[in-house]
Amino acid sequence: MSRLLPPYRVNMAAPIALHLEFGGGAELLFGGVKDHQVTLPSQSQPWDMKQLLAWIRANMLKERPELFVQGDTVRPGILVLINDADWELMGELTYALQDQDNVVFISTLHGG
């Protein structure tokens with residue numbers, strides 16, 4: 001007699017809502033819009049900053065990605081704050097995003 005096994009279930013991370021803010025000129029790469037409310041879709045692993053940057057590049061960045069991202073991270077000269085704290089204190093790319101997090105990207109590079 002064969003035994004029926006329960007269906008294989010993958011635990012999915014729930015969708016998460018974030019507030020993203022771009023300033024210091026970085027907003028120009030996002031159609032001139034500074035504030036964005038976004039919902040990241042559910043996926044098998046929890047969202048982290050590395051995945052968020054890839055999602056931003058694929059779904060939000062309107063032009064000149066080289067001015068915002070470099071490889072898997074933000075370009076030097078982009079200050080990143082997570083809930084008003086420097087992302088370097090939060091684990092940078094490995095920070096696990098939480099529902100309702102506020103992530104701010106500020107360009108410190110200015111022409112002149």
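With sequence neighbours excluded, the residues that form a ring pair (Phe, Tyr, Trp, His ring centres under 6.0 Å) with F105 are F22, F68. Listed by chain and number, the residues in a side-chain contact (heavy atoms from CB on, under 4.5 Å) with P46 amount to none (sequence neighbours excluded). The salt bridge (Lys or Arg N to Asp or Glu O under 4.0 Å) search around D99 returns none, not counting sequence neighbours. Not counting sequence neighbours, the partners of D72 by the side-chain contact (heavy atoms from CB on, under 4.5 Å) test are K50. The salt bridge (Lys or Arg N to Asp or Glu O under 4.0 Å) check on E66 picks up R64, with sequence neighbours excluded.
One side chain, Q51 or Q43, offers a donor N or O that lies under 3.5 Å from an acceptor on the other.
At least one donor-acceptor pair closer than 3.5 Å links the side chain of N83 to the backbone N or O of N102. Counting only distance, with no hydrogens or angles, the side chain of T39 and the backbone of A17 share no donor-acceptor pair below 3.5 Å.
Counting only heavy atoms from C-beta outward, the side chains of V69 and I56 never approach each other to under 4.5 Å. The shortest distance between side-chain heavy atoms of N59 and V38 does not fall below 4.5 Å. Considering only heavy atoms from C-beta on, P41 stays 4.5 Å or farther from P15 through its side chain.
Nearest approach of R75 to L67, heavy atoms of both residues: CD-O, 3.5 Å. L52 and L18 make their closest contact through CD1-CD1, 4.0 Å (heavy atoms, listed as atom of the first residue, atom of the second, distance). In plain terms, the two heavy atoms of I16 and L97 that are nearest each other are CD1-CB, 3.6 Å.
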Given M49 and V103, is the side chain to side chain contact (heavy atoms under 4.5 Å, CB included) satisfied, shown in steps? CA-CA 10 Å; M49 283 297 294; V103 184; 3.9 Å; yes
Tabulate below the donor-acceptor pairs under 3.5 Å that side-chain atoms of residues 24-35 make, not counting sequence neighbours, or state none.
{"residue": "E27", "atom": "OE1", "partner": "G25", "partner atom": "N", "Å": "3.0"}
{"residue": "D35", "atom": "OD1", "partner": "H19", "partner atom": "NE2", "Å": "3.1"}

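For the side-chain hydrogen bond (donor to acceptor under 3.5 Å, both in side chains) condition, the pairs that include at least one residue of residues 87-98, sequence neighbours left out, are Y95-D101.
When hydrophobic side chains of Ile, Leu, Val, Met, Phe, Trp and Tyr are connected at separations under 4.5 Å, I106 ends up clustered with L79, L81, V104.
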